[in-house]
Enquirer: 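Got a structure here, written out as structure tokens. Questions coming.
Residue numbers run from 1 in the order of the sequence given.
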Amino acid sequence: MKKYWEPMPEGGYIPIPNSNEIMYWLRSGLMPEGKNFHPCAAIIKKDGNEQEKIKFLELAEEALMQLSKMDKPVTTFAQILRALVQDEDIYEYEFGVFFMLYAHFQRQYKIEDHKEQKNTREKMLKIIELEKEDSMLSKKWMLKKYKRNGKELTEPLPVYIRNTIVHHGTNAGNQFTSEELGMAIYFLRQTLRNPRIINSFKNP
């Protein structure tokens, strides 16, 4: 029988002294012994909706426990839940999802380290080239011009976004929208899950 432990026995929430806020320790409840747990503190304003937000987090803790059993990214999910009750934009957390999927893509398609950028770009372009015109993974949606040193290079959208984030300090002229980030995440998920795409590249 598995042993379970309570990462934060006191749990719950506490009012923050001399403020109009409550601190809620978002935890995953009972977890199998040996599992890592990173507590996430949500700061909730007393705006008349604090009890509804606390109830939401209490319900969410069961989902966190289930995620931990499935070896899924508990910490990322907890951060998103925290952002929701703090009325923050969760856009920044999509960056973490994007880079995680980008790394998975490189592993799944056996991208060599010393030719990482070149091979990632070429593999994505091949996938896009095989897509039908009405597909969300086609050229119409998945290609964007990246500006560098006065020149333009047509890049797969995930590569464009990766370069825009990494080189923002030197190439600040390149921008993307939250919708484009969502499309790039969709592309990466499909290339990792869609059997038709995966089977086409089993023997690159």
Side-chain angles (χ1 to χ4, degrees), residues 36 38 40 63 66-84 88-204:
N36 292 323
H38 301 280
C40 184
Q66 291 302 118
L67 277 177
S68 71
K69 291 179 180 179
M70 296 159 55
D71 292 321
K72 298 299 181 182
V74 173
T75 303
T76 300
F77 185 49
Q79 289 172 339
I80 292 173
L81 293 169
R82 177 180 64 187
L84 287 171
E88 294 176 353
D89 190 350
I90 65 170
Y91 180 65
E92 63 183 281
Y93 297 112
E94 292 181 319
F95 292 163
V97 174
F98 170 78
F99 279 109
M100 180 180 69
L101 292 172
Y102 197 95
H104 285 333
F105 177 94
Q106 292 180 321
R107 284 197 296 273
Q108 178 156 308
Y109 290 96
K110 299 178 173 62
I111 305 298
E112 299 176 43
D113 288 343
H114 68 290
K115 295 180 180 177
E116 176 189 336
Q117 278 295 90
K118 180 175 181 290
N119 288 349
T120 300
R121 179 178 185 272
E122 289 179 353
K123 190 70 70 173
M124 289 183 181
L125 286 174
K126 286 181 181 179
I127 291 172
I128 292 168
E129 189 67 36
L130 291 174
E131 289 298 306
K132 295 180 180 178
E133 192 174 326
D134 59 350
S135 168
M136 286 295 294
L137 309 183
S138 68
K139 295 178 182 179
K140 178 181 177 181
W141 303 103
M142 286 299 139
L143 294 180
K144 188 165 183 175
K145 294 187 182 299
Y146 184 81
K147 302 178 181 70
R148 183 177 61 197
N149 299 328
K151 297 180 181 179
E152 288 187 341
L153 180 65
T154 300
E155 296 281 23
L157 188 57
V159 173
Y160 175 94
I161 289 176
R162 181 262 179 202
N163 290 345
T164 298
I165 295 172
V166 172
H167 300 293
H168 182 71
T170 53
N171 282 327
N174 296 297
Q175 303 289 333
F176 60 88
T177 65
S178 59
E179 289 77 16
E180 288 174 322
L181 178 58
M183 289 165 58
I185 289 173
Y186 174 78
F187 174 90
L188 291 168
R189 282 182 170 146
Q190 286 298 304
T191 59
L192 294 171
R193 299 175 181 174
N194 190 315
R196 173 180 58 79
I197 297 173
I198 295 169
N199 291 335
S200 298
F201 288 87
K202 276 190 173 179
N203 299 301

Enquirer: Can you sort out the partners of Arg196 under salt bridge (Lys or Arg N to Asp or Glu O under 4.0 Å), two or more places apart, ordered by chain and number?
Expert: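 Counting only residues at least two positions away or on another chain, Arg196 forms a salt bridge (Lys or Arg N to Asp or Glu O under 4.0 Å) with Glu131.
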
Enquirer: Quick one: which residue pairs count as a ring-ring contact (aromatic ring centres under 6.0 Å, His included) with a foot in residues 116-150, not counting sequence neighbours?
Expert: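 Non-adjacent pairs meeting ring-ring contact (aromatic ring centres under 6.0 Å, His included): Tyr146-Tyr160.
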
Enquirer: Could I get the full list of side-chain contact (heavy atoms from CB on, under 4.5 Å) partners for Lys115, not counting sequence neighbours?
Expert: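 Here the qualifying residues are Asn119.
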
Enquirer: Dump the intermediate steps for side-chain contact (heavy atoms from CB on, under 4.5 Å) on Glu133 and Lys140, then the final yes or no.
Expert: CA-CA 7 Å; Glu133 192 174 326; Lys140 178 181 177 181; over 6 Å; no

Enquirer: CZ/Phe98 to CZ/Arg162 distance, rounded to the nearest 0.5 angstrom?
Expert: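 The CZ atom of Phe98 sits 9.0 Å away from the CZ atom of Arg162.
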
Enquirer: Could you go through residues 182-190 and list every donor-acceptor pair under 3.5 Å that involves a side-chain atom there, pairing it with any protein atom two or more places apart or in another chain?
Expert:
| unit_1 | atom_1 | unit_2 | atom_2 | d |
| --- | --- | --- | --- | --- |
| Gln190 | OE1 | Asn194 | ND2 | 3.2 |

Enquirer: Check side-chain contact (heavy atoms from CB on, under 4.5 Å) between Leu153 and all other residues, then give those that pass, not counting sequence neighbours.
Expert: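 Residues passing side-chain contact (heavy atoms from CB on, under 4.5 Å) with Leu153: Arg121, Arg148, Glu155.
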
Enquirer: Could you check Val159 against Leu125 for side-chain contact (heavy atoms from CB on, under 4.5 Å), going step by step and ending with a plain yes or no?
Expert: CA-CA 10 Å; Val159 173; Leu125 286 174; over 6 Å; no

Enquirer: State which residues pass salt bridge (Lys or Arg N to Asp or Glu O under 4.0 Å) with Lys118; sequence neighbours excluded, sorted by chain then number.
Expert: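 For Lys118, the residues satisfying salt bridge (Lys or Arg N to Asp or Glu O under 4.0 Å) (neighbours in sequence not counted) are Glu122.
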
Enquirer: Considering residues at least two apart in sequence or located in another chain, which fulfil the side-chain hydrogen bond (donor to acceptor under 3.5 Å, both in side chains) criterion with Lys139?
Expert: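 Partners of Lys139 under the side-chain hydrogen bond (donor to acceptor under 3.5 Å, both in side chains) test: Glu129.
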
Enquirer: Roughly how far, to the nearest 0.5 Å, is the OG1 atom of Thr191 from the CG atom of Leu101?
Expert: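 Here the interatomic distance stands at 8.0 Å.
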
Enquirer: Indicate the atoms forming the closest heavy-atom contact of Pro156 with Ile128, along with that distance.
Expert: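 Taking Pro156 first and Ile128 second, the nearest heavy atoms are CB-CD1, 3.9 Å.
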
Enquirer: Report the C-alpha distance between Gln175 and His168 in whole Å, list the side-chain angles of each, state the deciding distance to 0.1 Å, and finish with yes or no for side-chain contact (heavy atoms from CB on, under 4.5 Å).
Expert: CA-CA 9 Å; Gln175 303 289 333; His168 182 71; 4.1 Å; yes

Enquirer: Who pairs with His167 by side-chain hydrogen bond (donor to acceptor under 3.5 Å, both in side chains), at least two apart in sequence or on another chain?
Expert: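 Once residues adjacent in sequence are excluded, His167 has no partner under the side-chain hydrogen bond (donor to acceptor under 3.5 Å, both in side chains) criterion.
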
Enquirer: Report the distance from atom OH of Tyr109 to atom CE of Met124, rounding to the nearest 0.5 Å.
Expert: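 Taking OH in Tyr109 and CE in Met124, the distance rounds to 9.5 Å.
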
Enquirer: For Glu152, enumerate each residue passing the side-chain contact (heavy atoms from CB on, under 4.5 Å) test, keeping only those at least two apart in sequence or located in another chain.
Expert: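 Listed in chain order: Lys145, Lys147.
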
Enquirer: With side-chain contact (heavy atoms from CB on, under 4.5 Å) as the criterion, how do Leu143 and Leu157 come out once you've worked through the C-alpha distance, each side chain's angles and the decisive distance to 0.1 Å?
Expert: CA-CA 5 Å; Leu143 294 180; Leu157 188 57; over 6 Å; no

Enquirer: Can you list the residues that meet the side-chain hydrogen bond (donor to acceptor under 3.5 Å, both in side chains) rule with Asn163, with sequence neighbours excluded?
Expert: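 With sequence neighbours excluded, Asn163 shows a side-chain hydrogen bond (donor to acceptor under 3.5 Å, both in side chains) to Gln117, given in chain and number order.
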
Enquirer: Among Leu130, Leu137, Leu192, which one satisfies side-chain contact (heavy atoms from CB on, under 4.5 Å) with Ile197?
Expert: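 That would be Leu137; it is the only one of Leu130, Leu137, Leu192 passing the side-chain contact (heavy atoms from CB on, under 4.5 Å) with Ile197.
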
Enquirer: For Gln106, give me all partners under side-chain contact (heavy atoms from CB on, under 4.5 Å), at least two apart in sequence or on another chain.
Expert: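 Applying side-chain contact (heavy atoms from CB on, under 4.5 Å) to Gln106 gives Tyr102, Ile111, Glu116, Thr120.
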
